Structure formats: C-alpha cells, structure tokens
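Just so it is clear, the structure is predicted and the values come from calculations on it, not from any experiment. Proteins get letters first, then strands, A, B, ... in listed order; numbering begins at 1 in each.
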Amino acid sequence: MKNCLTAIVFIVLISGCKSGPEPIRYGYDSCDFCRMTIVDNRFGGELITSKGKVYKFDAAECLDNFYHRTHESFAWVLFVDFNHPGTLIPAKQAFLLQSDQLHSPMGKGIAAFQNEQQAKEAQKLYGGEIKRCELP
Amino acid sequence: MLTGRIEARQIRVCASCSVRTIDEALRMAHPYDTLLLNGTFRMDSAYVITKPLAIIGQHAVLDGMGKTGMWKIQATHVLIENIIMQHTGISYLEDRAAISITKSSDVRIVHLRVNQSYFGIYAYQSNHILIENSYFDGSGTNEFNAANGIHLWYCDSVQLIHNVVLHHRDGIYLEFTNNSRIVGNISRDNIRYGMHFMFSNHDAYVGNTFQSNGAGVAVMYSHDISMMKNTFIHNYGTNAYGLLLKEIHDSEIRQNDFNSNTVGIFMEECTRLNVIKNIFQSNGWAVRITGSSTDNQFAGNNFLQNSFDVASLTPNIQDNRFYENYWSDYSGYDLNKDGIGDVPFHPMNMFAYVVMRYGISIVLLRSLLEKLLDIAESVIPVITPSQLVDPKPLMKPDQHD
C-alpha cells in the first residue's frame, strides 16, 4: 500500500515536471501581454521560460513586447504557422510577412511561415515585406 | 446634384413587377433613386452599390444561401432599410459580411434583421455611418464559425443606436475608429467581447447593456473615451471581465452598473481615469488594478456585496485615489454625523493578495483561514498596500440618479 502511494506521488511529481510547448486553447486562453482572449488561430505565438512556464500571445507584436519587458530567459520562442492554424513553429526558422492586408488581432499584420517559399506565396496575395525574426 | 434629387424615381422590384431582379434595378437606377423590394431574393453573389441610392424593403428577404454576403457599398448617400437578410455562410478569405461598406460616406442602415451571418456589417475606411434599430444574430457557436457583429476598421463619425447584437465573436468592434457614439445597444451572448475598442479615440458609449458575453467590454490602447450609464452584467468565466481597460488615458467611467461579473473593472497601465458614481454589486472582484496604473480617481461609487472590493499588486497604488465611496464591508462609525465614516477603510484585504498571487487558494474563500489572515493583517499590516485606502468612506450608499 505504502509503495503504491509512493509510486502515485512520484508519477504526479514527474508529470508535473513536463515542460515544452503547449497548444493554445482558442477562445479560452488570454494573451499574457494584452490580456485579450485569443481567438484567431492564424496569428500569435508562445514563449516558454527555461523553467518551463508557458506564456501565450495573440499576436507576434505582443510576444515581442513581452520578451523585451521581462527579465526571464526563454528556452523556446514560437510563432503560430499562418498556413497551419494552431500549430507552432520555432521563431528562428520562421519567415515573417508584415502587411496591412493581414488583419491580425493587434493591427500590425504579422504572419509567420515555415519557409521562404510559403511566405512569398502569401506576399503575392497580401503584399507587404518579408522579414526574419530578430529574437534569439 | 439637386436636379438629380428632384427627378428621383422609385423602382419596384418583385416577382410580378416589370423589374424582377435587383441586379437589373441597380443597372437601371440613376443616382438618388429609390428601390422598393418585395418578396424573397435568393442570391449567388453580393449586390454592389456604386451610386447614391435608397433601398427599402417592403416585406423583403435576401437569402445568401450560405454562398454570399448581400450588399457591397462603395458609394456616398446610401440608405438600406427594413430588409431581412440571412445565411451569408462563412468565408475566411474575404471577410464576408451581410453588408460591406468600403471607402464610403453618409451610409444609413435602419431596421434590418440579419440572421446567421458571418460578419454582420464590415465597414472599412468609411465615415458618417448610422446603424440604427437593427438586429444582428450571428448564430455562431465557437470562435471559428463566428465573426464580429458590427466591425468598424479605420472609420470616423459612426453612430450605433438601439441595435441588438448577439452570437457573434465580438458584438461590436472598433479599430482605429474615432469620433463615434454608441448609444442604447444591447450586446449579449457573444463569444469573446460584447464590445471591443482598439486604437480608437474620442468615442462615447452610453446606456448600452453588455450581458453574458465571454467578457463585457475591452477598451484597449485608446484615449478620451466616455463610458456612461452602461450595464455590465453576468460576464463570468476564468478570463471574464465586465470592463477590461488596457493602456487607456484620460477617460470617464460614470454611472455604470457592474453586476455579477468575475471582475467588474480590470485595469492595466491606465492613467487619469475618473471612475465616479458607479455601482459594483455581487462581483467576484469589483476592481483589479495591475501594471503601472497611476493618477486614477475612484469617488462616489457604491461597492455592494463583492467577494473582493479592490485588489492590486501595484507598488505605486498610492497614485490612485479612493475617496467618498460607499463600501458594504465597512464597519466604522460616524460620531459627528456628517455621513462620512471617522475611520478610514482599507478595501484590499490580505486574502485578496493571497488569491492574486496563488489563484488556486480561492478554494479557501469564506474559510476560517481567510478570517485569520485578514485579522492578522488588519492588526499588523505588512503586505497589503497601506496607502490603498478610502480616507472618507460614506456611511450610506451614494444616491445615483
């Protein structure tokens, strides 16, 4: 009985230690910078600290603002892939398209893409300019 | 232009009329003509209005059949009145709306009933728009199949008067929209916000009701907003607020009623707000102040039976002044009978601080531990901000008109 209890406690502790990206629960989670409820699954991103705390954002500019105002260090910087709504891609690999024609939640119109080709295809539709993410 | 008005004709459109389709009527019409519609019109694509026209329904129904919005307005002086519109279907690519208004001015939309639309009205770079006595039911059930009821983007001088908006994503949405008035509307059962302001200045909303939305109203990154005599009721859930204020400056919040919300007002980084003569009743938290909010005044408010009246983790809370409010939790006395309590009231208790730090501890609400913490803190205040104080609490609720 005692062994069983120890095992359960151990499992609970281990499972509590899992860290890494977490899916954004749309319509439920709110942006940790602007406080808005996150509903548009084509934009946004996630920051995960080296201790495993997850911050979620509704737009790339919220993530950027949060990043520069905090002193925490981050293990993951992720953006939502515009072409695969709701899935997260590493910011380092992402190609960002900024266009006024992309009506993103916070108005800056920044979308993230997996590769340059997809970003260029979107650029044909929406215009704007392609950038890389400057965050490490 | 004047002669155009004098010669204006009426064109009747119905199944037994000489003009049978709206497309034909639109081609025939001269500027300032009136189209009178009767009957049900099934549509394959939206009607585009490019000249000044009045379009008036006489028992008219426009049905988008799930394929299209109804009107695309690209003109000045357009009136659309008394039409039932339904079934726009959903499109993620084109921001499909029952009525799209693009780069237009002097548009009046009166007595519409819009059912099962994606966007109800989508106005873009337009000004002098009036939307009055209309009903918008988006029939949305989740954040993916719903869009905003009335969506204003880069607009100016818009009036929204006595409309009802429900089952949309945000009931009413203003982005970069200035000098507008929103009066006497009801926005309820929307998935995210009853109303949402972003980067919109010099606007007023008066006498509206925001009920049972994901959250009531979010006002963000704006200044000079007047919020008066509105009712914020039953906005509850984990992230729910009656009123969310983020980076708002120089605005007035007067005579509103905040009833049964998770948080009555949540403010972050707000400056020079006057929160005066409001009623906060039966909310989880009446007011939460975070970030560096400074120079805000709270006076003449009635705080009645809230679980927590005021909560703040802000170190510079002393920059926000509370005076002459009524607090139902106040237990002081008034020896000189001037109606003002002789003992200052500290509206933030110790347990509010604990719950703000560790949300899960809310399960201890109304427990013995909560009482012990509060008593300990009131005897030796070390954690709650001692400057967060109402030095002149009222003995009786302020009588509001």
Side-chain angles (χ1 to χ4, degrees), chain A residues 12 16 22-44 53-66 68-70 80-87 99-111 121-127, chain B residues 92-95 119 122 124-125 140-148 151 153-154 168-170 173-177 190-193 196-200 213-222 235 237-241 243-248 262-263 266-270 288 290-292:
Chain A
V12 168
E22 232 176 57
I24 297 172
R25 293 168 299 173
Y26 292 93
Y28 187 82
D29 286 330
S30 59
C31 175
D32 281 296
F33 183 75
C34 76
R35 306 282 173 199
M36 264 162 67
T37 311
I38 309 175
V39 290
D40 198 331
N41 59 358
R42 300 168 302 168
F43 300 98
K53 187 163 187 337
V54 179
Y55 295 103
K56 297 171 182 175
F57 303 94
D58 63 343
E61 57 267 38
C62 282
L63 184 148
D64 187 64
N65 277 324
F66 186 93
H68 288 106
R69 289 191 189 189
T70 184
V80 171
D81 184 350
F82 186 83
N83 284 347
H84 299 92
T87 57
S99 161
D100 292 341
Q101 296 306 310
L102 289 160
H103 296 182
S104 72
M106 298 301 291
K108 275 234 174 127
I110 302 171
E121 272 167 29
Q123 193 182 27
K124 280 180 209 157
L125 269 173
Y126 299 102
Chain B
Y92 300 106
L93 288 175
E94 55 159 331
D95 295 327
F119 284 92
Y122 192 108
Y124 165 51
Q125 288 184 355
T141 51
N142 62 48
E143 59 277 11
F144 303 120
N145 66 19
N148 302 330
H151 184 104
W153 203 63
Y154 282 106
H168 277 282
R169 186 159 83 186
D170 292 346
Y173 181 94
L174 293 87
E175 190 165 354
F176 306 107
T177 294
N190 294 294
I191 289 149
R192 189 167 64 173
Y193 298 123
H196 190 178
F197 278 74
M198 304 261 282
F199 313 106
S200 296
N213 299 296
V217 173
V219 183
M220 309 172 75
Y221 308 101
S222 303
N235 299 293
T238 43
N239 290 321
Y241 319 99
L243 177 58
L244 166 65
L245 302 167
K246 167 91 180 174
E247 290 193 34
I248 302 301
T262 303
V263 181
F266 185 104
M267 53 168 75
E268 188 166 88
E269 293 170 67
C270 292
R288 277 183 77 153
T290 58
S292 44

* Mind listing the closest non-hydrogen atom pair of A:Met106 and B:Glu175 along with its distance? => C-OE2, 4.1 Å

* To do: Could you pull out the closest heavy-atom pair between B:Tyr221 and A:Cys34, with the gap in Å?
  => OH-CB, 3.6 Å

* **Proximity breakdown for B:Leu244 and chain A, heavy-atom pairs closer than 4.5 Å** => side chain

* Asked: What part of B:Tyr154 is in contact with chain A, defined as an atom under 4.5 angstrom from a non-hydrogen atom: side chain, backbone, both or neither?
  ->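 Contact with chain A involves no heavy atom of B:Tyr154 at all.
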
* Please assess A:Met36 against B:Lys246 for the test side chain to side chain contact (heavy atoms under 4.5 Å, CB included), listing each intermediate value before the final yes or no. => CA-CA 10 Å; A:Met36 264 162 67; B:Lys246 167 91 180 174; over 6 Å; no

* **Distance (rounded to the nearest 0.5 Å) between B:Arg169 CZ and A:Asp40 CG** =>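 Result: 5.5 Å between the selected atoms.
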
* Parallel, tilted or perpendicular: which fits the ring planes of B:Tyr122 and A:His103, with parallel below 30° and perpendicular above 60°? ->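 B:Tyr122 and A:His103: parallel rings.
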
* Among B:Phe176, B:Phe199, B:Tyr193, residue most engaged with chain A (heavy-atom pairs, under 4.5 Å) ->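 Top option by heavy-atom pairs under 4.5 Å: B:Tyr193.
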
